[in-house]
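What follows is one structure encoded as structure tokens, with my remarks underneath.
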Amino acid sequence: MNLSQRSAAAAAGVPHRYLTIVETSDSRIVTNLDLVDFYAAAGIEFLGEASIGSEITRAGARWSAPSSQDAGKAATAGFHAEDTRVSFRAARAMLNKGQDEIAELTGLSRATVKSLEAGKAWQGSHQALLTFYESAGIEFVGWGDPVTNKYFGIGVRWSTKAHRDSTPHRGPP
């Protein structure tokens, strides 16, 4: 949505400090639900796999998309479309890092990271950033429509590899 935390809080009708608390703690359930409603109304879906008694895995977010990748132009008209198949900005947010940190970790310049987040497509740099995020456990989701050359359901989630890597080993496999 390209909103700052302050702008998102204002649009959702909650104090900025509440948004900060919600994003960094388990408190304020009502505010959390208000924010979920706000993002859902804006076309954002939250992702995750859950079962009773277990933590949520593969958490993430994406733009809402048609239920079928075979959807034609008419079916996709009401959905948010992107010009690129990945959201590097969303991936960076999942890692909770700034552009400077990502630049340092990847060996790219901050200007290159910023440009790639804006949708510029420099093959070598794009691949380097994609590989970095995937090795950090980020999975890019979404699909392209060859008729419109647009991408739908674009977002990020933690990969199954990321969850396995963060789960303590509890004995023989």
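In this chain, residues are counted from 1 in sequence order. Computation of the quantities below employed the complete heavy-atom set of this structure, encompassing side-chain atoms and omitting hydrogens, waters and symmetry-equivalent molecules.
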Are Thr112 and Ser115 close enough that a side-chain donor and a side-chain acceptor fall under 3.5 Å? no
Going by heavy atoms in the side chains, are Trp158 and Ile138 under 4.5 Å from each other? yes
Ignoring hydrogens, what is the shortest heavy-atom contact between Leu35 and Ala12? Give both atom names and the distance. CD2-CB, 3.8 Å
Heavy atoms of Tyr151 and Gly144 approach each other most closely as CD2-CA, 3.5 Å
Exceeds 12 heavy-atom contacts within 6.0 angstrom, atom CD of Gln5: yes
Value rounded to 0.5 Å, distance of CD in Gln99 from NZ in Lys114: 6.5 Å
Which distance, rounded to the nearest 0.5 Å, do you find between the OG1 of Thr57 and the CD of Glu49? 4.5 Å
By side-chain hydrogen bond (donor to acceptor under 3.5 Å, both in side chains), which residues pair with Asn149, not counting sequence neighbours? none
At what distance, to the nearest 0.5 angstrom, does CG of Leu105 lie from CD1 of Ile102? 5.5 Å
Would you list the pairs meeting salt bridge (charged side-chain N to carboxylate O under 4.0 Å, His left out) in which at least one residue belongs to residues 126-144, sequence neighbours left out? Arg58-Glu139
Looking only at atom types and distance, does a side-chain atom of Ser64 sit under 3.5 Å from a main-chain N or O of Gly43, one as donor and one as acceptor? yes
Taking C-beta and beyond as the side chain, do Phe140 and Phe88 meet within less than 4.5 Å on heavy atoms? yes
Grouping I, L, V, M, F, W and Y whenever their side-chain heavy atoms are under 4.5 Å apart, do Trp122 and Tyr133 come out in a common cluster? yes
Looking at Asp100 and Arg110, does any basic side-chain N land under 4.0 Å from a carboxylate oxygen? yes
Would you name the heavy atoms of Ser109 and Ala103 that are closest together and state the gap between them? C-CB, 3.7 Å
Is any side-chain heavy atom of Ile44 less than 4.5 Å from a side-chain heavy atom of Phe38? no
Salt bridge (charged side-chain N to carboxylate O under 4.0 Å, His left out) pairs, two or more places apart, involving residues 115-127: Arg92-Glu117
Are His80 and Phe152 near enough that their ring centres are under 6.0 Å apart? no
With a 4.5 Å heavy-atom cut-off, do Val141 and Arg157 have their side chains touching? yes
Search all heavy atoms of Leu116 against all heavy atoms of Ser125 and return the closest pair with its distance. CD1-O, 3.6 Å
List for me each residue that meets side-chain hydrogen bond (donor to acceptor under 3.5 Å, both in side chains) alongside Thr106, sequence neighbours excluded, and say none if there are none. none
My understanding is that only residues two or more places apart in sequence, or in another chain, count here; which of them pass side-chain hydrogen bond (donor to acceptor under 3.5 Å, both in side chains) with Asn96? none
Treating Ser51 as the side-chain partner and Ser54 as the backbone partner, does any N or O pair qualify as donor plus acceptor under 3.5 Å? no
Taking only residues two or more places apart in sequence, or in another chain, which ones meet Arg6 in a salt bridge (charged side-chain N to carboxylate O under 4.0 Å, His left out)? none
Answer yes or no: is there a side-chain heavy-atom contact under 4.5 Å between Trp63 and Glu82? yes
Measure across Leu130 and Val86 and return the closest heavy-atom pair with its distance rounded to 0.1 Å. CD1-CG1, 4.0 Å
Walk me through it: do Arg62 and Leu47 pass the test side-chain contact (heavy atoms from CB on, under 4.5 Å)? CA-CA 7 Å; Arg62 71 176 193 159; Leu47 307 172; 4.1 Å; yes
Which heavy atom of Ala50 sits nearest a heavy atom of Ile56, and at what distance? CB-CG1, 3.9 Å
For residues Tyr39 and Asp34, determine if any side-chain heavy atom of one lies less than 4.5 Å from a side-chain heavy atom of the other. no
